[in-house]
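Owing to the predicted nature of the structure, the values given are computational and were not obtained by experimental measurement.
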Amino acid sequence: MRNRQAGVAFILVTLFIDALGVGIIIPVLPRLVERFLGVGPEAASGPYGWLLAVYALMLFAFAPVWGAVSDTYGRRVVILVTLLGTAIDYAIMGLAGSYGILFIGRALAGMSGANITTGFAYIADVTTPANRGRGFGQISMAFGLGFILGPALGGVLGKVDPRLPFFVAGGLALVNWFYGLLVLPESLPTDRRRPFSWRRANPVATLAQLGRFKLVLGLAAAYFLLQLASQMMQSTWVLYTEYRFGWDELAVGLSLAVVGLLSGIVMGRFTQPAARRFGEARVIRYGLLLMALGFVLWGLSTHSWMMYAVMVPYIVGCLCSPTLQSLMSQQVDPTEQGELQGGLTSILSLAAILGPLAGSYTFGTFAKPTAELLVPGMAFFAGAVLFLLAWALTTWVFGRGAIAVCSVAAQAAPH
């Protein structure tokens with residue numbers, strides 16, 4: 001039991017470092033692109049966008065690969081190999097002398113960062129259906145804290161040297177790799193492993209495999225809509241608040257930190273109690289409605305303080321994300337957890353590719369001076385529609401009455 005607890009703690013730290021590493025380079029990455037290409041911010045925006053895109057694309061491509069590999073060879077070896085790869089990737093980016101090398105480093109970082117698949121599968125291996133939601137909630141909290149602390153730390157380190165954040169992120173990954181060699185036990189017994197298949201490792205095929213589980217397919221579609229809306233918000237928040245309220249970098253960073261911190265605490269602390277108290281179906285459905293309400297209120301805000309005041313429904317609604325993922329994990333065989341989590345991570349990657357494009361395009365179309373319909377908050381309204389579509393889809397799935405939802409009373413009992 002103690003080894004298992006140490007393993008779970010290590011997984012949470014690993015995923016925290018993954019998120020921290022992404023956030024820590026945000027303040028300095030655009031400056032490096034400008035320096036390498038000898039251009040200003042406007043001309044560097046395109047190449048910078050490709051750095052973000054290649055990371056998400058590689059995450060999409062390799063998430064199911066690592067999931068399938070971990071189903072065959074175990075979780076431990078995949079996690080340790082990708083963690084070491086993460087440390088090497090950051091060293092490459094920190095030493096990069098050209099945009100091309102930086103681009104390669106971001107691509108490799110996306111490959112290594114796809115270990116989130118195996119991290120989710122590890123948690124699914126060592127938790128029961130009753131407490132799996134809590135485990136996924138803790139993962140969400142770890143990611144949230146990483147994304148909160150990353151940009152702040154990157155800004156401080158970047159003032160010393162724009163390359164320093166890369167070396168710090170790589171150093172943290174390397175230290176964690178050494179720690180994992182000592183404490184990380186294997187979570188997948190040999191009798192639950194299965195032969196490797198390129199068909200299951202193919203990202204498109206992995207998404208198609210979700211169709212084998214009819215209930216998971218519907219819930220996975222809702223999960224995609226949820227993540228797509230969330231990515232739209234993250235990509236347009238800075239644009240929207242600067243345009244409407246004149247927020248500077250500090251104000252924007254503080255607001256994002258508050259959103260990330262509160263949502264992380266809520267998901268990490270209240271996911272399981274909410275599921276026990278109200279049932280997973282209600283948490284998911286009402287959570288989606290609350291997130292839609294939060295988006296609408298953000299889009300209608302006319303003063304800066306309103307952006308904080310109307311955070312409450314969105315923050316509470318965030319409980320639906322880990323609850324939805326936990327419920328999907330309960331619908332598949334234990335031998336297929338890696339494949340399922342690979343598919344869900346691929347869905348998240350697709351949302352990370354499409355969401356920023358959709359959000360920025362929507363904002364730009366309805367906020368430009370020549371727009372026939374001037375609605376700066378249109379990206380938030382569009383995100384709210386996506387949440388409502390996800391709500392309608394989950395309502396339909398639950399209404400069919402075939403989904404295996406854990407009994408709240410039965411699962412609340414200690415094991």
- Item | For Tyr240 against Leu300, the heavy-atom pair lying closest together | OH-N, 4.4 Å

- Can you tell me which residue pairs pass the side-chain hydrogen bond (donor to acceptor under 3.5 Å, both in side chains) test with a partner in residues 9-24, sequence neighbours excluded? Thr14-Asn176

- Roughly how far, to the nearest 0.5 Å, is CG of Leu388 from CG of Leu393? 12.5 Å

- Query: Do Gln231 and Ile353 touch side chain to side chain, with heavy atoms closer than 4.5 Å?
  - Reply: no

- Item | Close side-chain approach of Met328 and Leu344, heavy atoms under 4.5 Å | yes

- Item | Criterion side chain to side chain contact (heavy atoms under 4.5 Å, CB included) on Leu350 and Phe224, from CA distance to verdict | CA-CA 8 Å; Leu350 281 177; Phe224 171 73; 4.1 Å; yes

- Task: Run the numbers on Met232 and Leu386 for side chain to side chain contact (heavy atoms under 4.5 Å, CB included), then give the verdict.
- Result: CA-CA 10 Å; Met232 289 179 64; Leu386 293 176; 3.7 Å; yes

- Query: Is there a donor in the side chain of Thr118 and an acceptor in the side chain of Arg75, or the other way round, less than 3.5 Å apart?
  - Reply: no

- Sequence neighbours excluded, the answer for side chain to side chain contact (heavy atoms under 4.5 Å, CB included) partners of Met58 is Val54, Phe62, Ala107, Met111

- Message: Testing the basics here: between Ala87 and Gly170, what is the closest heavy-atom pair and its distance to 0.1 Å?
- Response: CB-O, 3.6 Å

- Task: With rounding to the nearest 0.5 Å, note down the distance linking CG in Leu12 to CD1 in Ile123.
- Result: 5.5 Å

- Query: Mind checking what makes side chain to side chain donor-acceptor pair (under 3.5 Å) contact with Arg285, not counting sequence neighbours?
  - Reply: Thr395

- Query: If every non-hydrogen atom of Leu373 is compared with every non-hydrogen atom of Phe366, which pair is closest and at what distance?
  - Reply: O-CD2, 3.4 Å

- Hey, are the side chains of Leu219 and Phe398 touching, using non-hydrogen atoms and a 4.5 Å cut-off? yes

- Nearest-0.5 Å distance that lies between atom CD1 in Ile347 and atom CG in Leu228: 11.5 Å

- Message: Quick check: closest heavy atoms across Ala222 and Thr394, and the distance to 0.1 Å?
- Response: CB-CG2, 3.6 Å

- Message: Just so I know, are the side chains of Ser230 and Phe387 near enough to count as touching, which here means a heavy-atom distance under 4.5 Å?
- Response: yes

- Message: Between Glu186 (side chain only) and Arg76 (backbone N and O only), is there a donor and an acceptor less than 3.5 Å apart?
- Response: yes

- Can you sort out the partners of Phe103 under ring-ring contact (aromatic ring centres under 6.0 Å, His included), two or more places apart, ordered by chain and number? none

- Task: Measure across Phe166 and Leu32 and return the closest heavy-atom pair with its distance rounded to 0.1 Å.
- Result: CE1-CD1, 3.3 Å

- Item | Gap between atom CZ of Phe10 and atom CD1 of Ile79 - 0.5 Å precision | 7.0 Å

- Message: Measuring only between side-chain heavy atoms, which start at C-beta, is Leu174 closer than 4.5 Å to Leu84?
- Response: yes

- Message: Just to verify, what does Ser187 make a side chain to side chain donor-acceptor pair (under 3.5 Å) with, not counting sequence neighbours?
- Response: Asp125

- Taking all heavy atoms of Ala96 and all of Leu102, pick out the closest pair and write down the distance. CB-N, 3.9 Å

- Query: What orientation do Trp298 and Phe295 show, parallel under 30°, tilted 30 to 60°, or perpendicular over 60°?
  - Reply: tilted

- Are any non-hydrogen side-chain atoms of Thr86 and Trp177 less than 4.5 angstrom apart? no

- Between atom CG of Leu226 and atom CG of Leu389, what is the distance when rounded to the nearest 0.5 Å? 12.0 Å

- Message: Measuring from atom OG1 of Thr72 to atom CZ of Arg194, what distance do you get when rounded to the nearest 0.5 angstrom?
- Response: 7.5 Å

- Within 6.0 angstrom of Phe381 CZ, more than 12 heavy atoms from elsewhere: yes

Indicate every side-chain donor-acceptor pair of residues 309-327 with a distance under 3.5 Å to a residue at least two apart or in another chain.
unit_1	atom_1	unit_2	atom_2	d
Thr323	OG1	Leu319	O	2.8
Gln325	NE2	Gln341	OE1	3.1
Ser326	OG	Gly133	N	3.2
Ser326	OG	Gln330	NE2	3.4

- Item | Neighbour count above 12 (heavy atom, 6.0 Å) for Arg282 CZ | no

- Message: Does Phe245 have more than 12 heavy atoms from other residues, nucleotides or ligands lying within 6.0 Å of its CZ?
- Response: yes

- Message: Main chain of Pro165, side chain of Tyr90: is a donor-acceptor contact present, judged purely on distance under 3.5 Å?
- Response: no

